[in-house]
Amino acid sequence: MTSTAKSSPSGGPASHPDHLGHVVFITAAAAMGGFLFGYDSSVINGAVVAIRERFDIGSEALAQVIAAALIGCALGAATAGRIADRIGRIRCMQIASVLFVASALGSAMPFALWDLAVWRVVGGFAIGMASVIGPAYIAEVSPAAYRGRLASFQQAAIVVGIAVSQLVNWGILNLADGEQRGVVGGLEAWQWMLGVMVVPAALYGLLSFVIPESPRFLISVGRHEQARTVLSEVEGSGVDLDARVAEIELAMHSEHKSTFKDLLGGRFGLLPIVWVGIGLSVFQQLVGINVIFYYSSSLWQSVGIDPSSSFLYSFTTSIINIIGTVIAMIFVDRIGRKPLALIGSVGMAISLGLAAWAFSYKTGTGDDITMPDTQGTVALLAAHAFVLFFALSWGVVVWVLLGEMFPNRIRAAALGVAAAAQWVANWLITVSFPSLSDWNLSGAYVIYTVFAVLSIPFILKWVPETKGKALEEMG
């Protein structure tokens, strides 16, 4: 028989081990939103060339369709918090699940280009909701002793979602004999790629019916008895439930609801620390990481690699992304945020520079495109190295810093502004790449290289080190 582990009222380090498995299940179920975030964000990668051919469109129209999801992402992220506070975290997850399912079905069977774009926006709205609700819910149900590790489930789920989407795309392409528009079961391969997301989206919805509502939300709407039940499930029987409920209530009443006005006051309008947060968000996107996740299959095909191999390389870069994320999770608390970010910036700058050099050897047009074997190998290795250096640094470190570096009184509002800047920069890169690629693929990568180089002095001069500091120390 397992002995009952005593815990402090704040859910201290001795949470009941019998309950940890249940908490892990709850967290993993909530992190399915992160999985769908990653899956839906990158699954379009496999359909880019087919969409261009199916609707006979140019680079600009194609870019607008691919980037349309980001409009929904921004709207979903901006409204999810209010929706969750009004109807609960679980209901919010269920709404996101329905939107993911609708987006998958609609995107798989569009009757016009604008119809596809609308379903992309719907899916983006669900991504935005999942990006906010997942981490918030996990933080609210996790015992304090395990909160950091459980919070990492969301980021891990995102990178796994990206990898699985590329593996599914590759499998479907092989079923269609290497043709993105090859017919499988009455639908073209690219339609299956976009439609398969129905499965994890439905699973997310089903799981939301078997996990409990956040105790914080339950207390906010006066359902104290249910909150006590959930707290006993996730924190163990050794917890003083009345004290925990009182502690949560006190924290909620004493919270300062930060607004945009709180961010004003610096020489350039906003407080300096807010500009640093915006800079981190923007640099994270301007190095071009989402070109890899949105366009890598068409990128490799544009330099003469056959479709099946290009899809395989999209999958292998996703695996590298997972490995880099794990490395970051291991080292971010050991060597610090700034050193890890600097390592990543240097590595990205070198990798992107090598890719730009290799792509400059691309010759030919249309279906007759070639690149020397040496440069082709360098381009592949450089792209994988770029993803690795990004994932082990900026992919994780930026989110850690944004969560830690702002003073308590402005944290929520500052995070909102920084996240909005990230969506805008993401949209800019996504919508510009097809045209930049048509203009000069090597030139596009030179631009991303420049941003990676500029991120180095930015880190050295302006980014604070938050390792080992309490949130209350952030002035």
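- Leu70 and Tyr294 get closest at one heavy-atom pair: CD2-OH, 3.6 Å.
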Original post:
Could you go step by step and tell me if Thr430 and Tyr295 meet the side-chain contact (heavy atoms from CB on, under 4.5 Å) rule?
Top reply: CA-CA 9 Å; Thr430 304; Tyr295 295 112; 3.7 Å; yes
Listing, residues 319-332 side-chain donor-acceptor contacts under 3.5 Å, not counting sequence neighbours, or none:
from, atom 1, to, atom 2, distance (Å)
Thr325, OG1, Asn321, O, 2.8

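- The ring-ring contact (aromatic ring centres under 6.0 Å, His included) pairs that include a residue from residues 379-402 number zero, where partners must be two or more places apart or lie in different chains.
- Side-chain contact check for Arg89 versus Arg216: some heavy-atom pair is nearer than 4.5 Å.
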**OP:** Tell me, with the steps shown, if Ile211 and Phe25 meet side-chain contact (heavy atoms from CB on, under 4.5 Å).
**Re:** CA-CA 9 Å; Ile211 60 177; Phe25 170 76; 4.1 Å; yes
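- In this structure, CG in Leu175 is found 10.5 Å from CH2 in Trp170, a value given to the nearest 0.5 Å.
- Using modelled atom types, one side-chain atom of Thr316 and one backbone atom of Tyr313 make a donor-acceptor pair closer than 3.5 Å.
- Of all non-hydrogen atoms in Ala67 and Val431, the two that sit nearest each other are CB-CB, 4.1 Å.
- Counting only distance, with no hydrogens or angles, the side chain of Ser107 and the backbone of Ser103 share a donor-acceptor pair below 3.5 Å.
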If you look only at distance, which donor and acceptor atoms sit under 3.5 Å apart when one is on a side chain in residues 192-208 and the other is two or more places apart or in another chain?
from, atom 1, to, atom 2, distance (Å)
Trp192, NE1, Val184, O, 2.4
Ser208, OG, Gln94, NE2, 3.3
Ser208, OG, Gly205, O, 2.5

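- For the pair Ser281 (side chain) and Ala418 (backbone), a donor-acceptor distance under 3.5 Å is present.
- Shown here is Trp439, whose CH2 atom has more than 12 heavy atoms of other residues, nucleotides or ligands within 6.0 Å.
- Atoms CH2 and CD1, on Trp423 and Ile71 in that order, are 12.5 Å from each other to the nearest 0.5 Å.
- Without hydrogens or angle criteria, Gln166 side chain to Ser42 main chain gives a donor-acceptor distance under 3.5 Å.
- For Arg223, there are no salt bridge (Lys or Arg N to Asp or Glu O under 4.0 Å) partners, not counting sequence neighbours.
- Rounding to the nearest 0.5 Å gives a distance of 12.0 Å between CD1 of Ile429 and CD of Gln284.
- Between Ala358 and Gln375, the closest heavy-atom pair is CB-O, 3.3 Å.
- Side-chain contact between Asp85 and Ser220: absent, with no pair of heavy atoms (C-beta onward) separated by less than 4.5 Å.
- When side chains are defined from C-beta on, Phe217 does not count as touching Ile90, because their heavy atoms never get closer than 4.5 Å.
- Side-chain contact check for Leu173 versus Pro307: some heavy-atom pair is nearer than 4.5 Å.
- Closest of all the heavy-atom pairs between Ser59 and Arg52 is OG-NH1, 3.4 Å.
- Phe311 is not listed as a side-chain neighbour of Asn174, based on a closest heavy-atom distance of 4.5 Å or more.
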Original post:
Could you walk me through whether Gln422 and Val398 pass the side-chain contact (heavy atoms from CB on, under 4.5 Å) check?
Top reply: CA-CA 11 Å; Gln422 194 166 108; Val398 167; 4.2 Å; yes
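- Interatomic distance, Ser165 OG to Leu36 CG, rounded to the nearest 0.5 Å: 11.0 Å.
- Checked against side-chain hydrogen bond (donor to acceptor under 3.5 Å, both in side chains), Arg120 has no partners two or more places apart in sequence or in another chain.
- One distance of note links CG of Leu280 with CG of Leu401; it measures 6.0 Å at 0.5 Å rounding.
- Atom CG of residue Leu263 and atom CD1 of residue Ile278 lie 8.5 Å apart, to the nearest 0.5 angstrom.
- Take Asp438 and apply the salt bridge (Lys or Arg N to Asp or Glu O under 4.0 Å) test, not counting sequence neighbours, and it matches no residue.
- For the pair Ala68 and Val121, the tightest heavy-atom approach, listed with the atom from each and the gap, is O-CG2, 3.4 Å.
- Side-chain atoms of Ser442 and Lys362, non-hydrogen and from C-beta on, never get closer than 4.5 Å to each other.
- Side chain of Ser97 to backbone of Met93: no donor-acceptor contact under 3.5 angstrom is found.
- Contacts classified as ring-ring contact (aromatic ring centres under 6.0 Å, His included) and involving residues 62-115 (residues at least two apart or in different chains) are given here: Phe111-Trp114.
- In this structure the side chain of Val141 reaches within 4.5 angstrom of the side chain of Pro215, judged on heavy atoms.
- The closest side-chain donor-acceptor pair between Ser296 and Asn45 falls under 3.5 angstrom.
- Between the Asn290 side chain and the Gln285 main chain, no donor and acceptor come within less than 3.5 Å of each other.
- In this structure Tyr361 satisfies the ring pair (Phe, Tyr, Trp, His ring centres under 6.0 Å) test together with Trp357, sequence neighbours excluded.
- The shortest distance between side-chain heavy atoms of Val24 and Phe153 falls below 4.5 Å.
- With sequence neighbours left out, the ring pair (Phe, Tyr, Trp, His ring centres under 6.0 Å) criterion links Phe125 to no other residue.
- Without hydrogens or angle criteria, Ser131 side chain to Gly128 main chain gives a donor-acceptor distance under 3.5 Å.
- Qualifying ring pair (Phe, Tyr, Trp, His ring centres under 6.0 Å) partners for Phe458, counting only residues two or more places apart in sequence or in other chains: Phe283.
- When all heavy atoms are compared, the tightest approach of Ala444 to Leu436 is CB-CB, 3.9 Å.
- Residue pairs meeting the salt bridge (charged side-chain N to carboxylate O under 4.0 Å, His left out) criterion with at least one partner in residues 321-334, sequence neighbours excluded, are Asp333-Arg337.
- Taking a cutoff of 4.0 Å between a charged side-chain nitrogen and a carboxylate oxygen, Glu188 and Arg54 do not qualify as a salt bridge.
- Applying the ring pair (Phe, Tyr, Trp, His ring centres under 6.0 Å) test to Tyr445 and every residue at least two apart in sequence or in another chain returns Phe359, Tyr448.
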**OP:** For Glu213 and Gln226, run side-chain contact (heavy atoms from CB on, under 4.5 Å): C-alpha distance rounded to whole Å, both residues' side-chain angles, the deciding distance at 0.1 Å, then the answer.
**Re:** CA-CA 9 Å; Glu213 182 54 88; Gln226 285 177 266; over 6 Å; no
